[in-house]
Amino acid sequence: MGKIAVYPGSFDPITKGHLDIIMRGSKLFDRLIVAVLKNQSKKSMFSIDERVDMLKQIARDIPNVEVDMFSGLLVDYCKDRKVNAIIRGLRAISDFEYELQMAQMNRQLNQEVETIFLTTSTQYSFLSSSLVKEVASLNGDISEFVPEIVLTELNKKLKGDV
Ligand code: ADP
């Protein structure tokens, strides 16, 4: 049976940093599921459906990548979908402490799933969804940082069209 990985996150919205991890992660596994967290408590700019839709359009051309959403514990989702590994991206030391804690907790909860970290490509090491939203809201040019569809949708949001 093929090896399956999940790349979980908020993706609010997806950036080129995320996309880089998706491309690289998809080469390591037979299948990669990009799973968007449905998190009621975290205030997001894009709804869960909008985030999933954008990801689907972006991942359309990568044959072994699928897009899904999940709520509840990630390790339970992994059991349901027979996932072998969780992929997370590391940008800086500041990501490390939280990511290590999560990985260790997840291993306590489910020994069958390993967390694998991919280090960011240097050109994206400063990129985060929240910074992209902030720069865009101040009329900064974010076209280098996000896929085209995100640029379009972000501009619509900021103009108040949707
Ligand atoms: P979360 O709310 O789960 O942190 P994010 O959508 O912000 O969700 O990030 C999902 C994953 O992608 C995290 O592991 C994060 O560290 C990683 N990531 C975010 N931006 C980048 C980037 N520019 N380069 C590499 N990894 C990144």
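As the structure lists them, so they are numbered: ligands from 1, and atoms in each ligand from 1. In this chain, numbering begins with 1 at the start of the sequence shown.
- Close approach of ligand 1 to G89 is summarised as follows: ligand atoms under 4.0 Å from at least one heavy atom of the residue are 14 (O), 15 (C), 16 (O), 17 (C), 26 (N).
- Between R88 and D95, none of the side-chain N atoms (NZ, or NE/NH1/NH2) sits under 4.0 Å from a carboxylate O, so this pair counts as no salt bridge.
- By the criterion of side-chain heavy atoms lying less than 4.5 angstrom apart, applied directly or through intervening Ile, Leu, Val, Met, Phe, Trp or Tyr residues, I62 is grouped together with V67 in one hydrophobic cluster.
- By the criterion of a heavy-atom distance under 4.0 Å, neither the backbone nor the side chain of T15 is placed next to ligand 1.
- For G9, no nitrogen or oxygen atom sits less than 3.5 Å from a nitrogen or oxygen atom of ligand 1, counting backbone and side chain alike.
- Residue contacts with ligand 1 for P8 involve N, CA, C or O but no side-chain atom from C-beta outward (heavy atoms, distance under 4.0 Å).
- If you look at Y7 next to ligand 1, the close heavy atoms, those under 4.0 Å, all belong to the side chain.
- The aromatic rings of F11 and H18 lie perpendicular to each other, with more than 60° between the two planes, well past the 30° mark.
- Between E66 and R81 there is a salt bridge, with a side-chain nitrogen of the basic residue lying less than 4.0 Å from a carboxylate oxygen of the acidic one.
- Among the atoms of D12, none of the N or O lies under 3.5 angstrom from an N or O of ligand 1.
- Taking any N or O of S10, backbone or side chain, at least one lies under 3.5 Å from an N or O belonging to ligand 1.
- Under 4.0 angstrom from ligand 1, there are no non-hydrogen atoms of K16.
- When atom types are taken as modelled, the side chain of R51 and the backbone of F46 share a donor-acceptor pair closer than 3.5 angstrom.
- Ion pair R24/D20 flagged as a salt bridge, since at least one NZ, NE, NH1 or NH2 atom sits closer than 4.0 Å to an Asp/Glu carboxylate oxygen.
- Short contacts between ligand 1 and R88, defined as distances under 4.0 Å to a heavy atom of the residue, involve ligand atoms 1 (P), 3 (O), 4 (O), 10 (C), 11 (C), 13 (C), 14 (O).
- Judged purely by distance below 3.5 Å, without hydrogens or angles, the side chains of S143 and D141 pair a donor atom with an acceptor atom.
- Residue-ligand proximity, F11 to ligand 1, at heavy-atom distances under 4.0 Å covers atoms 6 (O).
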